[in-house]
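Notes follow the structure.
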Amino acid sequence: MANELTFPLLPCPDIDEIASFYEMLGFSVTYRQTRPNPYVAVRREDLQLHFFGMDDFDPEQSYGTCLVIVQDTGPLYEAFAEGMRAVHGKVLISGIPRMTRPRLRNDRYTGFSVVDPGGNWIRINKAAPEPEAQTKLAKAMENAARQADARGDERQALKILEGALKRADGSEPELQEAQAFRDELVERIKASGPRPGA
């Protein structure tokens, strides 16, 4: 068989909220039904996502995710960021919904994630791997990106990055980018509030 199509079906508490969010990112609604079961489908070029509504669904508890492979993450990230800025005046980097910046992770792939109002992680990755990191700071940034942007563990990412920044000698070409990433992680942690039991 060839030319099959696969679309993820992701949960959400409100199909109207999901539709509005994805329209902000440049998608259009291709299908919508409210009865007997809430359902909405969105599309942006070849990228199609489908959502089903669930009463009492908690986005904080969502395990919904899908992987999108693209040739270059930059143009899609910029288009999504432009949509967020037009509606919210900024790129949403903390809470639900949010979007991470494209970063190279320790699996050698560059990617970013969109966490939608349903708590679903739409993971956008570059198709081809990148070359090995050349500095300890670059390696630490990749490990931090894996923790924060792929696993959602901003605190562990911050710990990794702050340790590497303390050891940096200031000559690393990625120093400014690492400092900006650290500042973003601090903001994301503040916005998420204290850890349960902390």
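This one's a predicted model, so the numbers in the text were calculated from it and none came from an experiment. Just the heavy atoms: all of them, side chains too, but no hydrogens, waters or symmetry mates, feed the values below.
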Ring pair (Phe, Tyr, Trp, His ring centres under 6.0 Å) contacts touching residues 111-133 (sequence neighbours left out): Y77-F112
I93 reachable from V186 in the ILVMFWY side-chain graph, under 4.5 Å edges: no
Count the heavy atoms of every other residue, nucleotide or ligand shown that sit under 6.0 Å from CD of Q179, and state whether that count exceeds 12. yes
Which pair of non-hydrogen atoms, one from A144 and one from A157, has the smallest distance, and what is that distance? O-CB, 3.2 Å
I want to check something: taking the side chain as every heavy atom from C-beta on, are F52 and F57 in contact at a cut-off of under 4.5 Å? no
For a 4.5 angstrom cut-off between non-hydrogen side-chain atoms, does H50 reach L10? no
Is there a donor-acceptor pair under 3.5 Å between the side chain of R98 and the backbone N or O of T100? no
Using a 4.5 Å cut-off on heavy atoms from C-beta on, say whether the side chain of M99 contacts that of L92. no
Would you check if K139 and K136 make a side-chain contact, meaning some heavy-atom pair closer than 4.5 Å? no
T73 meets the side chain to side chain donor-acceptor pair (under 3.5 Å) criterion, sequence neighbours left out, with none
Distance (rounded to the nearest 0.5 Å) between R155 CZ and I189 CD1: 5.5 Å
Report the C-alpha separation of L165 and L175 in whole Å, then their side-chain angles, then the decisive distance to 0.1 Å, and conclude whether the side-chain contact (heavy atoms from CB on, under 4.5 Å) test is met. CA-CA 8 Å; L165 283 166; L175 183 62; 3.7 Å; yes
Derivation of the side-chain contact (heavy atoms from CB on, under 4.5 Å) call for K126 and I69: CA-CA 6 Å; K126 189 173 176 181; I69 305 296; over 6 Å; no
NZ of K159 to CG of N143: how many Å apart, nearest 0.5 Å? 13.5 Å
Of V42, L9, T30, D116, the residue whose pairing with L49 passes side chain to side chain contact (heavy atoms under 4.5 Å, CB included): V42
Could you work out, with side chain to side chain contact (heavy atoms under 4.5 Å, CB included) as the rule, every residue matching V40, not counting sequence neighbours? I15, I18, A19, V29, R32, F51
Take V70 and L47 through the test side-chain contact (heavy atoms from CB on, under 4.5 Å) and record every step on the way to the result. CA-CA 10 Å; V70 297; L47 178 53; over 6 Å; no
Atom CD1 in I122, atom CG in L76: separation rounded to 0.5 Å? 11.5 Å
Can you tell me how far CD of Q48 sits from CZ of R43, rounded to the nearest 0.5 angstrom? 4.0 Å
Less than 4.0 Å between a side-chain N and a carboxylate O, is that true for E184 and R188? yes
Report yes or no: does N120 contribute a side-chain atom to a donor-acceptor pair with the main-chain N or O of P11 at less than 3.5 Å? yes
Take atom CD of Q156 as the centre, draw a 6.0 Å sphere, and report whether it contains more than 12 heavy atoms from other residues, nucleotides or ligands. yes
For G118 and S62 the tightest heavy-atom approach is O-CB, 3.4 Å
Step by step, would you call H88 with M24 a side-chain contact (heavy atoms from CB on, under 4.5 Å)? CA-CA 10 Å; H88 297 284; M24 172 186 69; 3.6 Å; yes
Would you mind reporting whether T135 and E174 have side-chain heavy atoms less than 4.5 Å apart? yes
Ring geometry between F80 and F27 (parallel below 30°, tilted from 30 to 60°, perpendicular above 60°): tilted
Can you find a pair of side-chain heavy atoms, one from L137 and one from R167, that are under 4.5 Å apart? no
Within a strict 4.5 Å, meaning less than it, do heavy atoms of the P117 and C12 side chains meet? no
Would you mind reporting whether V114 and F21 have side-chain heavy atoms less than 4.5 Å apart? yes
Can you tell me how far apart SG (C66) and CD1 (I124) are? Round to the nearest 0.5 Å. 7.5 Å
Side chains of T110 and R103, donor plus acceptor under 3.5 Å: no
In this structure, NZ of K90 is separated from CE of M84 (nearest 0.5 Å) by 11.0 Å
Donor-acceptor pair between S28 and E23 side chains, under 3.5 angstrom: no
Taking the side chain from E142 and the backbone from R146, do they hold a donor-acceptor pair closer than 3.5 Å? no
On a heavy-atom basis, the closest approach of E172 and D169 is OE2-N, 3.1 Å
